[in-house]
2 protein chains.
Amino acid sequence: MVKPTEAELEILQVLWENGPSTVRFVNERLSMKKRVGYTTTLKIMQIMTDKNLVRRNEDGRSHIYRAVMEREETQGLLLDRFLHSTFGGSAMKLVVQALGNHKPSKDELEQIKELIKQIEGGSENGIHS
Amino acid sequence: MVKPTEAELEILQVLWENGPSTVRFVNERLSMKKRVGYTTTLKIMQIMTDKNLVRRNEDGRSHIYRAVMEREETQGLLLDRFLHSTFGGSAMKLVVQALGNHKPSKDELEQIKELIKQIEGGSENGIHS
DNA sequence: AAATATATACGAAAGGATTCGTAATTACAA
DNA sequence: TTGTAATTACGAATCCTTTCGTATATATTT
């Protein structure tokens, strides 16, 4: 898979959030966060088409773009890269940093505990498998 | 702080691992992982000096470079950026992904549990603060 | 049909990262 | 001192990302 650039990631976020969209819609969403010209967004989405990061339906006059990969799949891939480049591959160190820097709420802590239980009980095919 | 590029990060990893080093040493370390010319490494380390990512002692003939920022500090900064660009700022989602993708060992699980206890016990004053 | 609005296509400019060749400098050995 | 090896300095080439101007195509309105 090709690594999406910053700008490409922003566009993917919009597509993941809202489903298949036109260039105009994506550009409007991006414009809420930063100034960006229409043709700039268009160009990047065309490049993303070449890279096979998105596909488009060219039926109507305005094409409809959709993300090729699922959000979680892409995030997983990028996480791997980041893990390797910045934390030398140690997932633990990353998790510790993340938990340390962004104190999770009570709810979130429960969520993590739950996840840990799942992992620990993983070999016994837990109650909620 | 300036965001280190990929190549710069690789060099920082070497400096963090081994402490202050010469260009030659860094280049030899990098060469273990990928083909890279001596002057390429030199050039990047010079650029890093301009960006104030590293400082160098120019006493001897061969300069000794050292990282300006601590490893953890830099990692924290990069983590924030990554969190924002890829996970929309949700530390939880990142942690869940990381734990899901890289099943931690028993020891590591204990480590996380310990960390959670610390966080939970950390704010004795005001359960609902 | 003509004018207007909106879409895509294309290309090029600007900026940054990476790579490396070559020159200049310094140290050391013969 | 002269030559050799190793180091830093400099600049240019290449590649990628981002941005946008302009051309072209298509639809819509009057």
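Residue numbering restarts at 1 for every chain, and letters A, B, ... go by the order of the sequence lines.
B/Glu6 is linked by a salt bridge (charged side-chain N to carboxylate O under 4.0 Å, His left out) to nothing, counting only residues two or more places apart in sequence or in another chain. Residues passing the side-chain hydrogen bond (donor to acceptor under 3.5 Å, both in side chains) test with A/Lys113, sequence neighbours excluded: B/Glu120. Residues passing the side-chain hydrogen bond (donor to acceptor under 3.5 Å, both in side chains) test with B/Gln13, sequence neighbours excluded: none. Residues satisfying the side chain to side chain contact (heavy atoms under 4.5 Å, CB included) test with B/Lys34, not counting sequence neighbours, are B/Glu10, B/Val36. For B/Asn57, the side chain to side chain contact (heavy atoms under 4.5 Å, CB included) criterion is met by B/Asp59, B/Ile64, not counting sequence neighbours.
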Worked check of side chain to side chain contact (heavy atoms under 4.5 Å, CB included) between B/Val54 and B/Ile11:
CA-CA 10 Å; B/Val54 299; B/Ile11 288 173; 5.5 Å; no

Show your reasoning for whether side chain to side chain contact (heavy atoms under 4.5 Å, CB included) applies to A/Leu115 and B/Val95.
CA-CA 10 Å; A/Leu115 181 63; B/Val95 169; 5.6 Å; no

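When heavy atoms are screened at a 4.0 angstrom cut-off, A/Lys3 is found touching no nucleic acid atom at all.
Across the protein-nucleic acid pair, B/Ile47 atom CD1 and C/dG15 atom P stand 17 Å apart, rounded to whole Å. Residue A/Met48 contributes atom CE, which lies 18 Å from atom C1' of C/dA9 at whole-angstrom precision. For A/Glu6 and C/dG16, the CD to P distance is 16 Å, given to the nearest whole Å.
Contact annotation: A/Gln46 does not reach the phosphate of C/dC10 (side-chain N/O to OP1 or OP2, under 4.0 Å).
Near DNA chain C, meaning a heavy atom under 4.0 Å from it, residues 53-68 of chain A has A/Arg56, A/Arg61, A/Ser62, A/His63 in order of number. A heavy atom lying under 4.0 Å from DNA chain C marks the following residues of residues 26-45 of chain A, by number: A/Tyr38, A/Thr39, A/Leu42, A/Lys43.
Among residues at least two apart or in separate chains, there is no side-chain hydrogen bond (donor to acceptor under 3.5 Å, both in side chains) pair with a member in residues 83-92 of chain B. Residue pairs meeting the side-chain hydrogen bond (donor to acceptor under 3.5 Å, both in side chains) criterion with at least one partner in residues 70-80 of chain B, sequence neighbours excluded, are A/His102-B/Asp80, B/Glu17-B/Arg71. Within the structure, side-chain hydrogen bond (donor to acceptor under 3.5 Å, both in side chains) contacts touching residues 18-28 of chain B (residues at least two apart or in different chains) are B/Asn27-B/Thr41. Applying the side-chain hydrogen bond (donor to acceptor under 3.5 Å, both in side chains) definition to pairs two or more places apart or across chains, those involving residues 45-56 of chain B are B/Glu8-B/Lys51, B/Asn52-B/Arg55, B/Arg56-B/Glu58, B/Arg56-B/Tyr65.
Taking every nucleotide of DNA chain D with any atom under 4.0 Å from a non-hydrogen atom of chain A, the first and last of them, 5' to 3', are D/dT17 to D/dA27.
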